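Values in this document were obtained by computation on a predicted structure and should not be read as measured data. Reminder, nothing fancy here: chain letters follow the sequence lines and each chain counts from 1.
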Protein chains: 4
Amino acid sequence: MPKKNKDQAPAKRGRPRSEATRLAILKAAREILDEAGPMRVTVEAVAARAGVGKPTIYRYWSNAQELSMTALMEGAPEGASDPATGEVGAIEALTAQVASVVQRFASRRGRQAALLMATAEADSELAKAFRNRVILSSRNEGKVYLKRAIEEGDLRGDVAIETALDLIYGPIFYRMLAGHAPLNEAFANEIVALALEGMKAR
Amino acid sequence: MPKKNKDQAPAKRGRPRSEATRLAILKAAREILDEAGPMRVTVEAVAARAGVGKPTIYRYWSNAQELSMTALMEGAPEGASDPATGEVGAIEALTAQVASVVQRFASRRGRQAALLMATAEADSELAKAFRNRVILSSRNEGKVYLKRAIEEGDLRGDVAIETALDLIYGPIFYRMLAGHAPLNEAFANEIVALALEGMKAR
Amino acid sequence: MPKKNKDQAPAKRGRPRSEATRLAILKAAREILDEAGPMRVTVEAVAARAGVGKPTIYRYWSNAQELSMTALMEGAPEGASDPATGEVGAIEALTAQVASVVQRFASRRGRQAALLMATAEADSELAKAFRNRVILSSRNEGKVYLKRAIEEGDLRGDVAIETALDLIYGPIFYRMLAGHAPLNEAFANEIVALALEGMKAR
Amino acid sequence: MPKKNKDQAPAKRGRPRSEATRLAILKAAREILDEAGPMRVTVEAVAARAGVGKPTIYRYWSNAQELSMTALMEGAPEGASDPATGEVGAIEALTAQVASVVQRFASRRGRQAALLMATAEADSELAKAFRNRVILSSRNEGKVYLKRAIEEGDLRGDVAIETALDLIYGPIFYRMLAGHAPLNEAFANEIVALALEGMKAR
DNA sequence: ATATAAACGAGACGGTACGTCCCGTCTTTCG
DNA sequence: CGAAAGACGGGACGTACCGTCTCGTTTATAT
């Protein structure tokens with residue numbers, strides 16, 4: 001049996017890519033992001049800071065924006081903030097989660113993420129991953145709570161869950177984008193309360 | 001009394017700015033926006049296309065982004081789509097308006113506007129104007145409908161109007177940003193129905 | 001008469017090019033040439049040293065090689081080493097000139113010039129100018145001496161002047177290229193003597 | 001007796017270098033030289049074309065220039081165009097040889113060889129070999145003819161042979177470098193005739 | 001009518017960053 | 001264990017725009 005990998009691995013040749021290098025690049029990108037903002041995350045600056053050649057960066061990402069997206073994704077582990085201990089009611093848990101999302105997106109990092117999302121070319125693979133990880137993961141979490149609230153009889157069973165989710169999470173990004181009102185915990189409570197008002201089981 | 005303007009006007013001398021030039025610049029910017037997207041709206045390209053010197057553009061705007069915002073604002077007269085003729089119920093009118101807003105932001109121009117808003121420096125005067133004109137004008141329109149619906153007894157009087165408005169208009173930008181579901185008329189109907197469900201007068 | 005320039009000047013528009021900038025670039029190029037050799041005359045290094053943007057250099061020259069050629073041409077005024085005072089015989093004057101040419105091309109600058117000539121694209125306008133100024137100017141000077149020598153009866157009148165000139169100046173570049181023997185004053189004397197041996201009027 | 005080489009060879013271990021590989025590299029280099037010129041003979045391009053790793057090339061040559069020199073040397077077997085059959089006079093034979101040299105250096109390959117020679121670092125071993133093989137071999141051939149011409153009494157015995165050789169072969173490279181006049185057979189005849197004019201035995 | 005002065009087109013300028021090519025070295029896996 | 005493959009740090013390329021700065025040329029007032 002001369003072959004080691006049974007037709008599953010593509011048999012990589014040549015020097016393998018260095019994970020350490022990749023991490024150094026992401027670290028540098030994250031530092032610049034924090035210190036100087038997204039406009040300064042240029043391939044040139046990141047390469048210089050990471051002690052890396054520009055071509056190495058281009059080997060992994062096709063431009064500074066994609067690099068930024070990866071940096072933001074891998075930098076913030078995106079929590080999955082405690083999947084609700086069951087002790088507490090589903091709607092209360094949802095409210096708490098929305099509050100934490102609001103808080104996250106009220107921060108600089110949150111704004112950067114949204115900006116990046118808005119700027120990105122929508123169809124790239126990385127953009128989709130970023131969207132799922134950064135923008136939609138909270139929405140998916142929320143879906144679990146809503147379903148549980150229905151199971152537990154707190155919400156009516158005929159609720160249009162998808163629309164309800166947009167009602168709950170949409171306003172967060174709206175305020176972030178338009179800035180017409182503050183992003184704080186009170187806001188989180190108001191949204192959830194009002195959005196679910198009409199869905200309550202009587 | 002040698003002065004004509006009684007110490008209020010600063011007595012303009014020299015050649016006045018040419019409105020035709022300003023319009024040519026905006027026209028060129030809009031064309032590039034349509035043909036090649038917001039990334040290509042560079043001061044250089046606009047100047048070349050408008051047959052204008054770069055300093056002339058900088059005399060009016062401080063960078064390409066501000067120019068784009070003006071172009072977008074003056075290009076789309078922003079409708080103010082018939083302020084509801086009173087014949088029709090306030091909630092129906094609101095639903096129709098939301099549908100038209102959804103349609104507008106489903107277009108390329110709409111996406112460009114939102115992107116520009118996201119990218120803009122939040123504190124500039126022009127950015128505020130842009131925000132009011134492009135992002136918040138629809139919300140303000142909506143507020144009128146909501147108030148009328150309360151007056152007409154369709155909605156309860158103790159409704160938190162501001163939150164309700166965010167509930168209605170937020171999801172539009174959310175879907176535009178995240179792209180997880182389509183922006184169409186059905187969506188408009190669903191949002192309004194669900195958002196107001198809990199505010200209905202019983 | 002509204003026009004100032006009577007159809008002779010091409011009516012320059014825009015900010016004129018700064019001669020000071022051009023000279024600073026050439027100075028920097030010459031310095032690098034001296035200190036580090038022709039390989040180090042990169043557009044980037046010259047721009048940095050001259051305190052000039054790269055595009056400014058590309059506005060004048062299309063690559064580092066052309067820049068080097070200009071630097072070498074304008075740097076060494078190419079002497080026209082005293083056009084022979086008439087007091088001395090034409091052949092003696094020629095010998096002295098050849099000796100000075102040998103000396104010049106024995107230097108680093110000389111080698112650089114020849115190398116540049118060899119590397120240059122032959123058909124460019126600048127390459128032709130460089131060839132005339134740096135490589136062929138000495139040959140043209142020599143032609144004057146040969147003619148005078150014929151007039152003065154030192155050489156026969158039926159001599160093939162062009163071939164004779166190649167016989168005299170060719171060996172200089174040959175030795176420089178092949179390096180099989182030294183470039184010194186003795187060599188200059190030998191060449192001229194032997195080359196003209198067969199042309200002496202009897 | 002397990003060893004093949006009887007203790008005189010340095011006991012080669014491991015996979016021996018493949019001569020086929022070496023030839024493939026040289027072939028690829030020669031092809032690029034022909035098709036795209038000397039500037040395009042980069043180690044990278046040659047490796048790709050020859051289907052060879054870059055380190056393999058660096059194992060044989062220290063840079064692309066040396067590779068080019070070898071390619072040019074081994075590509076053109078350098079003729080040694082008929083070592084004079086004795087039937088014909090030495091001066092006639094010399095004239096014929098000079099004509100063939102002129103023809104060779106009038107070609108693209110000739111120009112490339114001279115360019116390479118000019119660019120090369122003079123002190124490298126390979127550069128010396130190249131110079132001897134490509135630039136000076138014709139001169140050495142010529143020396144034989146000159147000596148024979150003296151022996152045969154066609155030329156005077158007190159001739160400075162080295163200078164005479166430079167007089168004959170120098171103009172070829174001069175014209176190639178400066179391009180002020182064509183390189184053709186007539187030129188070859190003229191040079192030899194004029195150069196030897198003064199050395200003829202009377 | 002004639003100065004005066006700002007706006008204008010043109011485009012050069014010092015810069016920053018782009019994305020690409022190639023260098024020469026290194027680190028794997030394959031034959 | 002040599003050779004292919006190819007990643008790596010690095011340097012330079014030539015280009016696109018940036019925002020600023022002269023230029024010479026209109027074009028309206030204000031004298």
Set of side chain to side chain donor-acceptor pair (under 3.5 Å) partners for B:Glu44, sequence neighbours left out: B:Lys54
Please enumerate all residues that pass side chain to side chain donor-acceptor pair (under 3.5 Å) together with A:Thr21, with sequence neighbours excluded. A:Ser18
Which residues pass the salt bridge (charged side-chain N to carboxylate O under 4.0 Å, His left out) test with C:Arg111, sequence neighbours left out? none
Figure out the CD1/C1' separation between A:Ile57 and F:dA7, and round it to whole Å. 14 Å
Does any pair with a residue in residues 57-69 of chain A pass salt bridge (charged side-chain N to carboxylate O under 4.0 Å, His left out), and if so which ones, sequence neighbours excluded? none
List for me each residue that meets side chain to side chain donor-acceptor pair (under 3.5 Å) alongside A:Asn63, sequence neighbours excluded, and say none if there are none. none
Whole-Å distance separating the CH2 atom of A:Trp61 from the P atom of F:dA7: 14 Å
Please give, in whole Å, the distance from F:dC18 P to B:Glu66 CD? 14 Å
Quick one: salt bridge (charged side-chain N to carboxylate O under 4.0 Å, His left out) partners of C:Arg131, sequence neighbours excluded? none
List the residues meeting side chain to side chain donor-acceptor pair (under 3.5 Å) with B:Thr70, not counting sequence neighbours, and say none if there are none. B:Trp61
Angle of first-five versus last-five pair axes in the helix from E:dA1-F:dT31 to E:dG31-F:dC1, to 10 degrees: 10°
One thing to verify: whether C:Arg108 and C:Asp34 come together as a salt bridge, which I'm taking to mean a side-chain N less than 4.0 angstrom from a carboxylate O. no
The contact string for nucleotides 13-19 of chain E, one letter per nucleotide 5' to 3', using protein heavy atoms under 4.0 Å with B, S and - for base, sugar-phosphate only and none, comes out as BSB-BBB
